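As structure tokens, the structure follows; a few thoughts come after it.
Owing to the predicted nature of the structure, the values given are computational and were not obtained by experimental measurement. Just so you know, ligand 1 is whichever comes first in the structure, and atom 1 is the first atom listed for that ligand.
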Amino acid sequence: MTVLITGSAGFIGFHTCNIFLQKKYKVLGVDNLNSYYSVKLKKKRIDILNKNYGSQFKFIKTDIIDKKKINNIFIKYNPKIVIHLAAQAGVRYSIENPDQYIKSNIVGFFNILDCSRMAKIKFFFYASSSSVYGNNKNFPLSEKYNTDDQLSLYAASKKSNELIARSYFNIFGFKSVGMRFFTVYGPYGRPDMFMYKLLESMYFNKKLYVYNHADHYRDFTYIDDVVNSIFLLTKSKKINKKSYIVNIGRGSSIGLKKIITYIQELTSKKPNIKYIKMQKGDVKKTHSDLSNLRSLIEYSPKIDYKKGLLLFLDWYKKYKKIK
Ligand SMILES: NC(=O)c1ccc[n+]([C@@H]2O[C@H](COP(=O)([O-])OP(=O)(O)OC[C@H]3O[C@@H](n4cnc5c(N)ncnc54)[C@H](O)[C@@H]3O)[C@@H](O)[C@H]2O)c1
């Protein structure tokens, strides 16, 4: 059975491809390899999949904005499961580069959704984000809460995805699962994210701007917990009749100060940090309620931040050839 995974050269996409390939599925990866961050890292991820899985994995470099090409891919490869992860990520970048969010996250999203519907895909899985909760302070954040107040265009694009997917259920009965990821980290992680930048600051003395004077709290979620959840959701018998929105997090909130102190202890190095004020678009705290996820897949996240950071650090040192 073929699984189509968009954003396959991205962080979560790469690991999602990996788990489906390990489970012996055929995987078709789609990505435009854009230069939002290191193209070398994106190509490295694809090289690993090609090397480890040979013809079980096929990669197509294409832009999801091109609906004709996307439709031809559906016709040619006839995927049975679609996991749509390609998007322009990043909250702060959406302030300076709004166009890309409309193109990739709205038009691109629609193209994959609509082609999936035409191809009669049973369930459409797509990435949403904890950012849709805005500054909601009722922790832990539950899918039952109102999410009408997004603080950034990135968050608004993700909320729009949920609404568009919902309308496709109401009009066509086309079923979907929107997965609200909470700050994912781990090996082959994104260089634009806090954990990665913190290590760059420690080992290469790169200046790290820490917003809101580090008075931020995030539900840091280790990548293995995320991809195990995605895989189990696609297998869940409990997902059968409607459109779902589901949090995928660790279920606890950790302060950035705690992370900085812990990495300092692990590495015996001092980061080059400049503490600055709160930025527009940022939320202060995230903390996921996982009862919905647990009811669908009996999932329990296994990796706490201490273990996760050790694994991440281990990978980072190997990747950067640090002794
Ligand atoms: N990493 C997180 O903490 C996090 C949190 C919440 C939501 N998400 C969402 O999860 C998904 C995956 O995130 P990630 O962290 O792996 O990001 P990523 O940037 O590493 O991966 C996204 C991939 O999509 C590709 N892409 C972007 N626009 C494209 C287009 N128009 N056509 C084809 N490919 C395109 C990029 O080249 C990239 O490889 C995204 O939808 C993101 O918004 C991530």
Side-chain angles (χ1 to χ4, degrees), residues 4-18 28-46 49 59-67 69-70 73 83-91 93-94 97 99-113 115 125-133 141 150 152-162 165 178-197 218-223 225-227 229-230 245-250 283 286 288 308 312:
L4 169 63
I5 299 176
T6 69
S8 55
F11 170 42
I12 302 175
F14 161 68
H15 288 278
T16 307
C17 288
N18 211 32
L28 179 63
V30 164
D31 200 297
N32 69 353
L33 299 175
N34 69 46
S35 58
Y36 167 62
Y37 64 76
S38 166
V39 176
K40 199 173 145 207
L41 175 58
K42 291 184 181 182
K43 284 187 173 159
K44 169 100 188 153
R45 293 174 181 139
I46 295 297
L49 296 173
F59 176 66
I60 300 176
K61 181 178 179 236
T62 195
D63 200 309
I64 57 168
I65 296 167
D66 189 336
K67 191 169 183 189
K69 271 197 189 150
I70 294 296
I73 289 172
I83 303 173
H84 176 48
L85 303 171
Q88 179 55 56
V91 167
Y93 190 70
S94 70
N97 297 281
D99 297 44
Q100 205 46 49
Y101 291 77
I102 301 302
K103 284 183 193 151
S104 295
N105 300 10
I106 306 289
V107 178
F109 173 86
F110 170 73
N111 290 344
I112 304 289
L113 175 82
C115 289
F125 292 85
Y126 66 95
S128 184
S129 160
S130 61
S131 62
V132 302
Y133 288 107
L141 297 164
Q150 282 70 50
S152 67
L153 184 64
Y154 169 70
S157 73
K158 292 294 175 180
K159 176 68 188 179
S160 308
N161 290 172
E162 294 181 358
M179 303 175 287
R180 290 182 179 164
F181 299 135
F182 283 68
T183 318
V184 189
Y185 72 101
Y188 294 93
R190 265 170 45 200
D192 63 320
M193 289 184 77
F194 172 72
M195 298 271 201
Y196 195 109
K197 286 205 231 161
R218 290 288 179 271
D219 192 337
F220 288 102
T221 311
Y222 192 71
I223 185 68
D225 283 330
V226 172
V227 294
S229 300
I230 297 176
I245 299 289
V246 56
N247 287 341
I248 299 187
R250 170 75 176 82
V283 303
T286 62
S288 59
F312 181 50

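On a distance-only criterion, L85 and ligand 1 share at least one N/O pair closer than 3.5 Å. Distances between N or O atoms of K42 and those of ligand 1 include at least one value under 3.5 Å. At least one N or O atom of D31, backbone or side chain, sits closer than 3.5 Å to an N or O atom of ligand 1. Below 3.5 Å of separation, one finds no N or O of Y36 facing any N or O of ligand 1. Among the atoms of I64, some N or O lies under 3.5 angstrom from an N or O of ligand 1. Checking only distances, F11 does come within under 3.5 Å of ligand 1, N or O to N or O.
Using a distance-only test at 3.5 Å, with no hydrogens or angles considered, a donor-acceptor pair links the side chain of S8 to the main chain of V30. Side chain of S104 to main chain of Q88: no donor-acceptor pair is present (N/O by atom type, distance under 3.5 Å, no hydrogens or angles).
Closest to atom 21 (O) of ligand 1, if we only count protein heavy atoms, is G10 CA, 3.3 Å.
Not a single heavy atom of G108 sits under 4.0 Å from any atom of ligand 1. Contact analysis leaves Y126 out of contact with ligand 1, as no non-hydrogen atom separation drops below 4.0 angstrom. For M193, the closest heavy-atom approach to ligand 1 falls below 4.0 Å. In this structure, K158 counts as a contact residue of ligand 1, since one of its heavy atoms falls inside 4.0 Å of the ligand. At least one heavy atom of T62 lies less than 4.0 angstrom from ligand 1. Residue contact annotation: S8 has no non-hydrogen atom under 4.0 Å from ligand 1. Under the 4.0 angstrom criterion for non-hydrogen atoms, F14 is not in contact with ligand 1.
Shown here for K69 and T62, the closest heavy-atom pair between the two residues is CD-OG1, 3.3 Å. Summarising the geometry of V226 relative to I248, their closest heavy-atom pair is CA-CG2, 4.1 Å, with the distance given to 0.1 Å.
Distance check, rounded to the nearest 0.5 Å: OH of Y93 to OH of Y101 gives 7.0 Å.
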